[in-house]
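Small disclaimer: the values here were computed from a predicted structure and weren't measured. Here, residue 1 is the first one in the sequence, and each next residue gets the next number.
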Amino acid sequence: MARQRRPRLLPLLAAAAVVACSLLRSCGGAAAASSTTGTLGLRHKPARPPHHNNGTRHGGGGRSRGAAAGGGGGRGPGTGMASCNLFQGSWVYDETLPMYDTAGCPFVEPEFDCQKYGRPDKQYLKYRWRPASCELPRFNGQDFLSRWKGKKILFVGDSLSLNQWESLACMLRAAAPASKVAYTRGNPVSTVTFQDYGLSVAYYRSTYLVDIAEESVGRVLKLDSITAGDAWLGADVLVFNTWHWWTHTGRDQPWDYVQDGGQVMKDMDRLTAFSKGMSTWARWVDSNVDTSKTKVYFQGISPTHYNGAEWGEGPRSCAQQTQPIAGSSYPGGPVPAQGAVRSALAGMSKPVYLLDVTLLSQLRRDGHPSAYSGGHPGNDCSHWCLAGVPDTWNQILYATLLA
């Protein structure tokens with residue numbers, strides 16, 4: 001989920017290359033530094049040939065001057081300023097994990113609290129993401145709280161944003177268990193405020209980012225309209241997400257008609273509709289967000305694991321999966337929506353960082369609640385257990401904010 005013209009930052013060493021490329025306006029023309037440790041504390045591994053994944057170029061492809069990618073320009077490890085692709089790597093067992101116990105975190109939804117609702121195995125809690133060419137900095141919650149003291153971080157999107165928001169709130173809570181916390185749940189806004197630091201971490205529910213309006217014909221999904229955006233302004237960090245609801249049909253579909261410009265229709269190709277909605281969101285960011293004051297992210301497409309054929313296990317799903325897929329490629333290939341995200345970001349004039357979490361999450365067939373969800377009957381292979389995969393999304397978010 002690659003682009004970005006960045007704010008002017010102090011020169012970053014080559015060891016922080018992909019993050020630097022994604023946070024600076026351009027990667028070209030910079031000389032490689034000789035140091036093996038950059039400002040992000042990324043410890044480089046020996047250079048190796050580029051890994052070719054499932055066809056998704058993480059951060060690759062042509063893009064406009066404003067579009068910058070979390071994925072490092074599509075170049076492999078050890079190639080100049082793109083020597084650390086945070087989104088290409090593999091999962092390794094780490095006995096020091098997890099970073100928190102959900103029993104001690106009051107923010108976790110029943111639908112994500114897999115241990116509470118009977119998941120018998122715990123190995124899924126013990127996997128750490130390791131990029132192929134560097135070591136990702138360990139999450140330091142005390143440092144996070146201190147750096148962002150008095151600031152506001154806002155996640156905007158569907159229940160995958162909720163997943164990531166609750167993960168970050170628990171990670172910070174574990175780092176400062178004695179800190180006074182104010183916690184409010186609402187619709188559409190929920191907030192956790194760490195009062196000793198003045199840091200608020202909030203979630204705004206917006207499943208499509210674009211509007212759904214009640215009109216005489218019924219509920220209309222408006223592909224070219226965003227009216228809730230004023231509530232998103234003023235945050236110091238904005239993390240957007242949408243996709244999963246675009247595929248819902250029947251009773252799970254919260255609209256009756258879709259409007260594209262002056263045309264109202266009963267339905268349309270969902271990927272096409274998503275692409276149009278993403279373009280509307282991109283124009284809204286370009287027109288409304290002051291990126292000299294607000295860092296903007298787009299959370300990449302979070303995959304599902306309902307179809308075991310994608311990883312060579314026929315009719316199986318995420319149920320009873322206890323280990324990640326080995327290696328650094330996903331047999332099922334990329335998610336089509338990734339292309340729509342990249343296309344929207346490529347045309348933007350404002351800097352937006354892509355948290356390109358698709359591949360690393362695809363490898364975690366074991367990370368879903370499956371039957372161990374207190375909020376979803378049946379088999380949930382869409383959301384993620386907490387603690388779990390969204391902790392890694394936030395660890396990468398932390399690494400980019402260090403720059």
Side-chain angles (χ1 to χ4, degrees), residues 1 54 56 91 102 108-119 121 124-125 127 155-168 203 205-209 239-255 270-271 273-274 277 298-311 313 315-325 330-338 340-341 355-394:
M1 278 164 185
N54 54 18
T56 302
W91 291 93
T102 53
V108 176
E109 307 277 305
E111 61 191 299
F112 307 144
D113 198 346
C114 303
Q115 287 295 306
K116 180 178 179 179
Y117 288 93
R119 181 161 177 168
D121 62 305
Y124 72 96
L125 297 167
Y127 287 100
F155 293 88
V156 181
D158 59 25
S159 53
L160 277 307
S161 290
L162 177 69
N163 229 173
Q164 187 175 5
W165 169 66
E166 292 185 3
S167 164
L168 182 59
Y203 163 65
R205 178 175 170 81
S206 178
T207 52
Y208 294 91
L209 299 182
V239 185
F240 291 96
N241 160 67
T242 185
W243 166 238
H244 280 232
W245 279 82
W246 293 85
T247 64
H248 287 194
T249 59
R251 293 181 180 179
D252 291 334
Q253 177 182 299
W255 48 267
R270 298 308 178 85
L271 187 58
F274 173 68
F298 193 91
Q299 175 195 324
I301 302 298
S302 178
T304 63
H305 288 94
Y306 288 103
N307 182 10
E310 291 184 0
W311 61 89
E313 290 190 352
R316 293 194 63 186
S317 69
C318 71
Q320 281 101 41
Q321 298 287 348
T322 60
Q323 295 181 341
I325 295 170
Y330 186 66
V335 179
Q338 289 176 267
V341 171
L355 284 175
D356 198 359
V357 301
T358 306
L359 174 61
L360 67 88
S361 303
Q362 284 179 317
L363 299 176
R364 292 302 306 274
R365 61 188 175 187
D366 61 315
H368 299 283
S370 61
Y372 307 107
S373 169
H376 279 80
N379 188 37
D380 184 355
C381 296
S382 176
H383 301 100
W384 303 94
C385 294
L386 295 180
V389 173
D391 303 340
T392 295
W393 303 349
N394 286 318

Side chain proximity check, [X] to [Y], heavy atoms < 4.5 angstrom:
X      : Y      : result
Phe274 : Ile301 : yes
Leu162 : Phe112 : yes
Cys114 : Tyr124 : yes
Gln338 : Asp356 : yes
Tyr306 : Ser382 : yes
Tyr372 : Cys385 : no
Tyr203 : Val156 : no
Trp384 : Ser302 : yes

Legend entry - Considering all heavy atoms, the nearest Gln115-Asp121 contact: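 The pair with the smallest heavy-atom distance is NE2-O, 3.0 Å.
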
Testing the 3.5 Å rule here: is there a donor-acceptor pair between the side chains of [X] and [Y]?
X      : Y      : answer
Thr102 : Asp113 : yes
Asn379 : Ser317 : yes
Asn394 : Ser167 : yes
Ser159 : Trp245 : no

Legend entry - Of Phe240, Trp246, Trp243, the residue whose pairing with Tyr208 passes ring pair (Phe, Tyr, Trp, His ring centres under 6.0 Å):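 Looking at Phe240, Trp246, Trp243, the match for Tyr208 under the ring pair (Phe, Tyr, Trp, His ring centres under 6.0 Å) is Trp246.
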
Legend entry - His376, His368, His305 screened by ring pair (Phe, Tyr, Trp, His ring centres under 6.0 Å) with His383, the one that passes: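 Per the ring pair (Phe, Tyr, Trp, His ring centres under 6.0 Å) rule, the option paired with His383 is His376, out of His376, His368, His305.
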
Donor-acceptor check, side chain of [X] to backbone of [Y], threshold 3.5 angstrom: yes or no?
X      : Y      : result
Ser373 : Glu111 : yes
Asp391 : Gly388 : yes
Gln299 : Gly157 : no
Tyr127 : Gln323 : no

First locate atom [atom1] of [X], then atom [atom2] of [Y], and finally report the distance between them rounded to the nearest 0.5 Å.
X      : Y      : atom1 : atom2 : answer
Glu313 : Ile325 : CD    : CD1   : 8.0 Å
Asn241 : Leu209 : CG    : CG    : 7.5 Å
Phe155 : Asn163 : CZ    : CG    : 11.0 Å
His244 : Thr207 : NE2   : OG1   : 12.5 Å
Leu386 : Leu168 : CG    : CG    : 11.0 Å

Inset, instruction - List for me each residue that meets salt bridge (Lys or Arg N to Asp or Glu O under 4.0 Å) alongside Arg205, sequence neighbours excluded, and say none if there are none. - result: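 So Arg205 forms no salt bridge (Lys or Arg N to Asp or Glu O under 4.0 Å) with any residue.
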
Legend entry - Residues which pass salt bridge (Lys or Arg N to Asp or Glu O under 4.0 Å) with Asp366, listed by chain and number, not counting sequence neighbours: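 By the salt bridge (Lys or Arg N to Asp or Glu O under 4.0 Å) rule, Asp366 matches Arg364.
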
Legend entry - Full working for side-chain contact (heavy atoms from CB on, under 4.5 Å) between Phe298 and Thr242: CA-CA 9 Å; Phe298 193 91; Thr242 185; 4.3 Å; yes

Inset, instruction - Please check if atom CD in Gln253 has more than 12 non-hydrogen atoms from other residues, nucleotides or ligands closer than 6.0 Å. - result: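 Count over threshold, so yes.
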
Inset, instruction - For side-chain contact (heavy atoms from CB on, under 4.5 Å), just list the numbers for Gln362 and Val335, CA-CA rounded to whole Å, side-chain angles, deciding distance to a tenth of an Å, and then say yes or no. - result: CA-CA 10 Å; Gln362 284 179 317; Val335 179; 3.8 Å; yes

Legend entry - Residue pair Val239, Trp165: steps toward the side-chain contact (heavy atoms from CB on, under 4.5 Å) verdict: CA-CA 10 Å; Val239 185; Trp165 169 66; over 6 Å; no

Inset, instruction - Salt-bridge test for Arg365 and Glu310: reply yes if a basic N is under 4.0 Å from a carboxylate O, no otherwise. - result: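 Not counted as a salt bridge, because no side-chain N and carboxylate O are separated by less than 4.0 Å.
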
